[in-house]
Amino acid sequence: MTDTLAGRPPIAQERRIVTAIPGPRSQELEARRRAVVPVGVSSALPVYIDRAHGAIVVDVDGNQFIDLGAGIGVTTIGHTDAAVVAAASSQLADFTHVMFTVTPYESYVRVAELLAEHTPGDFAKKTVLLNSGAEAVENAVKIARKHTGRPGVAVLEHSYHGRTNLTMAMTHKAMPYKLGFGPFAPDVHHAPGSYPFRDGLSGAEAAARTIAWLEKTVGAADLACLVVEPIQGEGGFVVPADGYLLALQEWCAATGVVFVADEIQSGMARTGRYFASEHSGLVPDLVLSAKGIAGGLPLAAVTGRAEIMDASHPGGLGGTFAGNPVAAAAAVAVFDSIRSRGLLAEGARIEGVLRPALLGLQRRFDRVGDVRGLGAMLAMELVTPGTFEPDPAAVTAVTAYAAQHGVLLLNAGTWGNVIRFLPSLAIGDELLIEAVGVIEEALAAL
Ligand code: PLP
């Protein structure tokens, strides 16, 4: 039996470490890389990947890792999902590029229809497709400025929106994302947000603080948009207090500020709904998707109210590769799979296994300050025991131990003291429990 086009044997969904980590072949590749890839492009773990399927990645030395990162929340329905492979392969054979803004094709339109159907809000919506999350953020700002005729952009502390010049300006953390790369795009304003573990504020109190800050230091009349992540990703999977985001949305509606939900990390079935906004009853004016939308192929989208999306003149939006047909075909397969295989339920299943296991770790280890998140987007924040003092060294030690023992873990957080869990929805309960067992050993070894 084979599970790949290349006819190689299927990848057993199991952890298996057969060499030192990194193994000899990875080390050879790493030496070649050092000569030709700049140090600015770093890798969390220098094991070179040969293949991947479901929730397992296999390196060039034959080691198999339980993947709790899914390429930072991208292969949400699993590595090399059969439906994605089939759709992309078939499109590859038909045509790979014509450029939608020269001669269009159906899959782009179909992705726009699916996003109109599955983003929150029962009104006419339109979508522009792009290549990357940062490009989606850039386009949302362009559209909001054109629609409102206002210049300002508001974001929240601990936000992450990308690495282009404007999105660096919109990102909170200096190191490694911004330091030395300025000057940045002007008129971007970082308001205090809601971080229940650290600020102890209710949603209403935190929203009042954010709104007062924006009104005092910028003024709504100068703001085109407020861009928020319903669950902050790189910022450490911060889930705002109840009612916080809804209050911001209401303020935006009352002041004509376009409310943009950056769902690039939290969207596409990751939290058990198509979009995390749904958990808090949000109906954003614009929703941004990328990462998990196309099963690993590069695709991003801005979807929103038709009257806002139509603000741009013809020719104002686009890009050579934007909405590439292979990526668009893969995205249609992802949407079809979520619906036909009932994958929205998988987020709740994963949370049902992982959250109690992480809470168990919190009971055993007092350096686990907080456990939070939704669905298959959960995190633990590590602190010096008995304090709120961030402990990034513990996160580094735990992720290094996990890697040596066949578990790929990602860090996050403004202080680098958060371990985030972004497994694919294809991961089985046993692999999750096994991975938490490794993390428990790592915490015990600290
Ligand atoms: N916005 C959020 C919330 C993200 O998590 C990311 C990437 O991590 C981005 C924007 C930028 O996306 P990309 O890396 O595809 O440009």
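When a ligand or atom number is given, it counts from 1 through the structure's own listing order.
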One finds that the ligand 1 atoms under 4.0 Å from a non-hydrogen atom of S132 are 15 (O), 16 (O)

Using side-chain heavy atoms (C-beta onward) and a distance below 4.5 Å, is W251 in contact with E215? yes

Going by the 4.0 angstrom heavy-atom rule, the piece of A290 near ligand 1 is neither

Atoms of ligand 1 under 4.0 Å from any heavy atom of A134, numbered from 1 in the order shown, are 11 (C), 12 (O), 13 (P), 16 (O)

The atoms of ligand 1 lying under 4.0 Å from a heavy atom of E229, numbered in the order shown, are 3 (C)

For Q265, the atoms of ligand 1 under 4.0 Å from one of its heavy atoms are 5 (O), 8 (O)

Heavy-atom proximity to atom 12 (O) of ligand 1, picking from A261, G73, S159, G133, points to G133

**Asked** When you check the gap from the basic side-chain N to the acidic O, do E381 and R372 get nearer than 4.0 Å?
**Response** yes

In ligand 1, the atoms that come under 4.0 Å of a heavy atom of E234 are 8 (O)

To the nearest 0.5 Å, atom CG of N63 lies from atom OH of Y48 at 15.0 Å

* Asked: Would H189 and D187 count as having a side-chain donor-acceptor pair, cut-off 3.5 Å?
  -> yes

*Should K291 be listed as contacting ligand 1, given a heavy-atom distance under 4.0 Å as the test?*
yes

Any chance CZ of F321 has more than 12 other-residue heavy atoms, nucleotides or ligands included, within less than 6.0 Å? no

For D262, the ligand 1 atoms with a heavy-atom partner under 4.0 Å come out as 1 (N), 2 (C), 3 (C), 10 (C)

**Asked** Does CD belonging to E106 count more than 12 external heavy atoms closer than 6.0 Å?
**Response** no

* Asked: Does a donor on one side chain sit under 3.5 Å from an acceptor on the other, for Y244 and T210?
  -> yes

